[in-house]
Number of protein chains: 2
Amino acid sequence: MLDSHDRKILALLQGDSSLSVAEISDRVGLSSTPCWRRIRKLEEEGYVKKRVALLDEAKLNVGVSVFMAIRTNQHTREWARSFVRAVEEIPEIVDVFRLAGDVDYMLRAVVPDIATYDAIYQKLIERVDIYDVSSMFAMETIRSSTELPLDYA
Amino acid sequence: MLDSHDRKILALLQGDSSLSVAEISDRVGLSSTPCWRRIRKLEEEGYVKKRVALLDEAKLNVGVSVFMAIRTNQHTREWARSFVRAVEEIPEIVDVFRLAGDVDYMLRAVVPDIATYDAIYQKLIERVDIYDVSSMFAMETIRSSTELPLDYA
DNA sequence: CTTGAAAATGCTTAGGC
DNA sequence: GCCTAAGCATTTTCAAG
């Protein structure tokens with residue numbers, strides 16, 4: 001599927017998508033046309049989902065991350081649907097994973113402070129019936145990376 | 001600090017950083033020169049940390065997310081330092097938060113499968129002394145967003 | 001802030017190895 | 001598959017209102 005040139009291009013782009021084609025082609029060891037063609041192909045085929053700007057959480061006053069470990073006692077399609085709808089209506093909730101095991105869902109919300117977190121929490125439990133929520137407050141973001149390891153591709 | 005034009009620019013850029021200045025200025029309701037100036041200022045002042053390409057986890061064979069809730073019994077600066085060093089050496093670990101409360105650290109790793117997760121786990125506990133790890137496997141990524149709410153800025 | 005335009009950079013296509 | 005080179009579009013800067 002992907003050769004080492006493609007992987008190197010992806011590694012560069014997921015670190016800094018503002019690099020010009022010329023810079024990328026230099027570092028990859030290709031000239032710009034084939035490099036540009038590869039980039040376009042990687043985007044067309046969906047290896048690159050999108051290009052985004054990552055903003056500073058602290059500067060935008062959402063420097064506090066809160067994890068919410070959620071358990072339900074209603075294991076139905078209907079409940080799952082309403083849960084997804086509820087979290088989608090709350091933009092502070094940035095991550096939502098459905099888990100196997102004891103905890104059913106793991107969420108992460110970004111908020112200015114604990115008081116705002118409580119408002120988010122209230123908003124959520126008002127919109128969907130939740131059996132148990134365990135909240136964990138992040139004191140420090142040691143790493144929050146969008147860069148994937150490419151060794152398995 | 002930021003007015004509504006700035007917030008709108010940030011909202012657009014964190015959704016799609018490949019938008020041209022012309023497109024952004026259209027949607028924001030400014031002409032291109034002042035819009036371009038604002039974008040540059042937002043980058044200089046650090047509201048925009050970086051521009052990156054988001055890659056497809058499934059296509060790159062790291063479609064499985066695993067949360068690791070970690071507890072330590074060595075609450076020393078020395079241990080914290082070695083822990084940070086250890087997780088930084090493992091590229092599969094994409095998120096690391098230090099928490100308040102029962103769980104000391106919450107990590108997320110992206111891997112191809114459970115066998116690879118075990119290798120990551122072994123690698124971690126070999127590099128740093130960990131009192132307890134509780135692993136939670138994600139069955140589904142319902143939401144994984146880099147877009148922050150801008151209402152508190 | 002706006003418009004308009006020039007200069008520089010970088011993207012995209014064309015043609016050939 | 002690759003390259004060089006030309007043509008095109010965009011970004012970036014500048015001047016004037």
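Not measured: the values here are computed from a predicted model. Letters go in sequence order (proteins before strands), and every chain restarts at 1.
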Closest-nucleotide ordering on DNA chain D, the 5'-leading residue of A:Lys41 and A:Ser32: A:Lys41
Heavy-atom count check: over 12 atoms from other residues, nucleotides or ligands less than 6.0 Å from B:Lys49 NZ? yes
Whole Å only: how far is the CD1 atom of A:Ile39 from the C1' atom of C:dC11? 11 Å
Could you state the atom-to-atom distance from CG of A:Leu30 to C1' of C:dT12 in whole Å? 17 Å
Quickly, which of A:Asp104, A:Asp102, A:Asp129 forms a salt bridge (charged side-chain N to carboxylate O under 4.0 Å, His left out) with A:Arg71? Name it, please. A:Asp102
Could you state the CG-C1' distance from A:Asp26 to D:dT4, rounded to the nearest angstrom? 15 Å
Quick one: is A:Trp36 getting a side-chain N or O under 4.0 Å of the C:dC11 phosphate, OP1 or OP2? no
Please report the shortest heavy-atom distance between B:His5 and B:Val28, naming the atom on each side. CD2-CG1, 3.7 Å
How many Å lie between CZ on A:Arg37 and P on C:dC11, as a whole number? 15 Å
Has B:Ser31 got a side-chain N or O lying under 4.0 Å from the OP1 or OP2 atom of C:dT2? yes
Closest to the side chain of B:Ser20, out of C:dC1, C:dC11, D:dT11, is D:dT11
Rounded off to whole Å, could you give me the CG-to-P distance for the B:Leu13 and D:dT11 pair? 12 Å
For the pair made of CG in B:Leu19 and C1' in D:dT10, what is the distance, rounded to whole Å? 14 Å
Can you measure A:Arg40 atom CZ to C:dT12 atom P for me and round it to whole angstrom units? 8 Å
Residue A:Thr33, side-chain atoms from C-beta onward, closest of C:dT3, D:dC2, D:dA5: D:dA5
According to a strict under-4.0 Å criterion, is B:Arg38 in side-chain N/O contact with OP1 or OP2 of C:dC1? yes
Just checking B:Lys123: does its NZ atom have more than 12 heavy atoms from other residues, nucleotides or ligands closer to it than 6.0 angstrom? yes
